[in-house]
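Letters A, B, ... mirror the listed sequences (proteins, then strands); counts begin at 1. No hydrogens, no waters, no symmetry mates; every other heavy atom, side chains included, goes into these values.
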Amino acid sequence: MSDAILKVEHMTMRFGGLVAIDDLSFEARRGEITAIIGPNGAGKTTVFNCITGFYKPTTGMLTLTHENGDTFLLERMDDFRIARHAKVSRTFQNIRLFSGMTVLENLLVAQHNHLMRESGFSFMAVLWPRGYRAHEEEAVEKARYWLEKTDLIHRADDPAADLPYGEQRKLEIARAMCADPVLLCLDEPAAGLNPKESDELNRLLLSIREEEGLSILLIEHDMSVVMNISDHIVVLDYGKKISDGDPEFIRNDPKVIAAYLGVEDEEVEELAP
Amino acid sequence: MEYFLQQLINGLTLGSIYGLIAIGYTMVYGIIGMINFAHGDIFMIGAFISLIAFLILMSLGLTFIPLALLIVLIVAMIVTSAYGWTVERLAYRPLRESFRLAPLITAIGMSIFLQNYVQIAQGARVKPLQPVITGGYTIMEKNGFTVQISNIQILIMVLTVALMAIFSWVIAKTPLGRAQRACEQDRVMASLLGVNVDRTISLTFVIGAALAAVAGLMFLLYYGVIDFYIGFIAGIKAFTAAVLGGIGSLPGAMLGGLIIGLIETFWSAYFTIEYKDVAAFSMLAIVLIFLPSGLLGKPEVEKV
Amino acid sequence: MTDATRESAPAGGGKLAEAVKESAMAALLAFVLTSLMLGVRTVDAPGGLGLQYRWHLVIGAMVIVFVGRLLLKLFWWKEDGGAPAAVGAASGRFATLTEPLRKFAAPALVIFAFVLPFLPIADRQIIDIGILVLTYVLLGWGLNVVVGLAGLLDLGYVAFYAVGAYSYALLATHFGLSFWTVLPLAGILAAMWGMILGFPVLRLRGDYLAIVTLAFGEIIRVILLNWVEVTKGPDGISGIPRPSFFGLEFKRFGENTFHNFFGIEYSSMHRIIFLYYIILVLAMITNYVTMRLRRLPVGRAWEAMREDEIACRALGINTTNTKLTAFAIGAFFGGLGGSFFATRQGFISPESFTFIESAIILAIVVLGGMGSQFGVAVAAIAMIGGFELLRNMDWVKGFVESTFGIENFDPNEYRMLIFGLLMVVIMVWKPRGFVGTRMPTIFLGKERKAISGDLVKEGEG
């Protein structure tokens, strides 16, 4: 069993009077795919937004540990610093691509921080273009690698907005990967995909885990995706964790069944063995 | 203290005028999300129409001032509304579903056009008007300093409060107000539910222009002198007021107007008159930096 | 013509009647609009204002509106009377037409700009207009970085232009620094102001940013106007030194003069042409730097920020710094433009730095097509060049005076009026600007195709 890459401890998030996340604790282990599931409004995306710094949790501690032992306290970091230093990449529930830029440009923007350093914050490269060229080619190669992996290479010069929905989802993942993450957070990557596409997605995610040795945190509604590829599942309902375990355990947990089927609380007691 | 009180009265008067113009900005912004840069010039047109209508009535021999002013008010509101309607129809409606900056540029173009139109039609020289409403009351007298409130100041404040009350009621209770709020929320959905969106937006411009006409008349009566350029600076101040109060909010516009009026007046009274605009604009920047959606605006939650 | 117009051309009786009715309504509206404003003129009279009635103008306006509306209705507008059908189609065709043209047009334009002073048409007036147009091209390109690329709406750009102009004027008149020393300094000072002003306001979004930048522009102008000890207030600063050509001055008499050194006859044109080339080179530098930056990480980040700021932050881009660089670079170019303006005029006063300047520069950027360098240049030529051409049109004067019997008709009065009207008309005609497409900054394949403007966002900042 591997160590935890992300530890969420006693995280609570309040919006005014509304408690969106209530004392949530869980771990995501290195090199595994962890799924967060739950009915609509359970607070899944809020968890993501806290991890990636777009929201600041009201209380709680989020610790990210790199393989070399560096730790980051995510709740104290700005969103872009989390992406940049803690190396957490994410996608969005409602796809956020740079729609007027080409697919390739999208992937180059993802390598911004690396390229900024190599180009002397761009301004040196205005005066001395030569030294930068090799770095840009390298970045294009990396983009090419991910485009081939996601079968988007033939669309490289098309504007991102022209891609069909399924390909936009894949492009967003490719873009997140170009930022060299250690933890990839995917917010409903299979939403709106047809069975064939979601099958492809499964394979892509598994290969990211196998070949890149990446840890993935995933929000998903599509149970076929969740059950097939997750190593570990966390179930939320009304901002609380109601279950946590491997797919087999979750499948048989009466509390999960109750949350999904909308059974009253008393009946849950009865259902429980 | 007396000096302070006097300045307070002056500031509230000026603020009322700004507030009335600001309502036009804030309503238009609320409903179609654009800065109607030409609105300041609509105000200027209102002032000119008032002046011309008043002079015509005088030349026709109407000497009963209250009646004359009432007619002037109505005429100015109608004609200025027509300008507001036409500007929307020609410069904004064709761009309704277009890019955000396009209507901003047409608005600036319209502003330039209207300024020069009035300059050509009426001449570039300032237009003076002898005081129409005179007299006033002395509120207190102390150490040889008198605090006065003139009749025109009373008129401006009363009229502003009355108009505010009427329009708050219109927005809250009438079908027009409901349609307006529906369009603010979601224009497509509103039209699917049978709201005539074009008409609602047109009416918003008409109301805004009518209020600007009132402000124009009051400006004319209060200062007694207008020119084709008054719209620009008053417009910017009023827009500042609308943003300061929280754009999209009617009470916010009024509050913002009063604050800008007070800041300007007090700054001129206690510091330097030259830098009164700097004071007003700095106040705007400071408020926005700490309260990015204005004083009474709804805070914008960033959706991720 | 398009289908819609073909359908409406054989208008039946009912349709005609409807058109007439609508036109009559429009004419009535015209009456309401013009009756008091055009029909009555306030004139100075002893003891107050007098009135002068001019009903012929009102009737004229009504007739024009009636006939114009009727013709539009019958021959131009779509069935349902809404948007002009031909406009959309025409602009679509225009875009495809200009696409291949652009490849050649841009270099052709540059070559033309470089040879212009040697062409036979180049008299002093033409070169002067050229200088003015190029100044606006430079400013447009500078603002394009902020508005077009980074998607930040800046309504106070003229502030940086003013900072550049006053930097040069003050440093030159007080410390005797030369134009060439001050030029980069003025740019850097303007950039610093850009950062100082930018830092607190970049948290704001959309129109809030617009109004605060406008406010800052006004604040700077008011300070220039009132800080009399330094800026001499409304009197302005005069006697600003002219630039020298590697130490050679453009004067009729003196030791180190241009014509003496080259052994040619003195001509006042030398200095004008020299100024022309200065601004041309400055504009070219601006263009080169911007085009380079667009292909570098910071430029891509600007555009990405315009497209989606949240996604940028999720990718680890520090959007505050990225916005600040856009502000600073834009301000830097504005500062260069300002210095040039000061040295060219020899005199500056706060009057040159009003909001209307910001509005014109912004209009050039938007009319040109946001983000397109070529479009901005075209828009600057069309707007400023066209505007200047309106200046000396004596034939219009003669024509109007003889045809309509109006005395003392002065076409110059109408320049701003037409200018404002054109801004509206062009914008309604082409909301995306002259060049509505975006060229990607890099290609994997061989084919180079532009991205339709409909997909490109304009930012919320």
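Going from atom CD of A:Glu105 over to atom CZ of C:Arg300 covers 6.0 Å, rounded to the nearest 0.5 Å. How far CD of C:Glu309 is from CZ of A:Phe80: 11.5 Å, rounded to the nearest 0.5 Å. The distance from the CD1 atom of C:Ile442 to the CG atom of A:Leu104 is 5.0 Å, given to the nearest 0.5 Å.
The candidate from C:Thr319, C:Leu293, C:Leu296, C:Thr441 with the greatest count of non-hydrogen atom pairs under 4.5 Å with chain A is C:Leu296. Most heavy-atom pairs under 4.5 Å with chain C: of the set A:Ala156, A:Ala179, A:Pro181, A:Pro159, this distinction falls to A:Pro159.
Of all heavy-atom pairs spanning C:Ala314 and A:Ala83, the tightest one is O-CB, 3.2 Å. Annotation for C:Ala311 and A:Phe98: closest pair CB-CE2, 3.8 Å, computed over non-hydrogen atoms. Contact record, C:Ala301 with A:His112: CB-CE1, 3.3 Å, taken as the closest heavy-atom pair.
Between the side chain of C:Glu303 and the backbone N or O of A:Met101 there is no donor-acceptor pair closer than 3.5 Å.
Atom CE of C:Met192 has 12 or fewer neighbouring heavy atoms from other residues, nucleotides or ligands inside a 6.0 Å radius.
No option in A:Asp78, A:Thr52, A:Asp79 other than A:Asp79 meets the side-chain hydrogen bond (donor to acceptor under 3.5 Å, both in side chains) test with C:Arg313. When the options A:Arg84, A:Arg90, A:Arg175 are evaluated for a side chain to side chain contact (heavy atoms under 4.5 Å, CB included) with C:Leu315, the one that passes is A:Arg175.
Between A:Phe92 and C:Ile310, the closest side-chain pair of non-hydrogen atoms falls below 4.5 Å.
Residue-level contacts of residues 181-190 of chain C with chain A do not occur; threshold 4.5 Å between heavy atoms.
Scored by the salt bridge (Lys or Arg N to Asp or Glu O under 4.0 Å) test, C:Arg292 finds no partners at all (sequence neighbours excluded).
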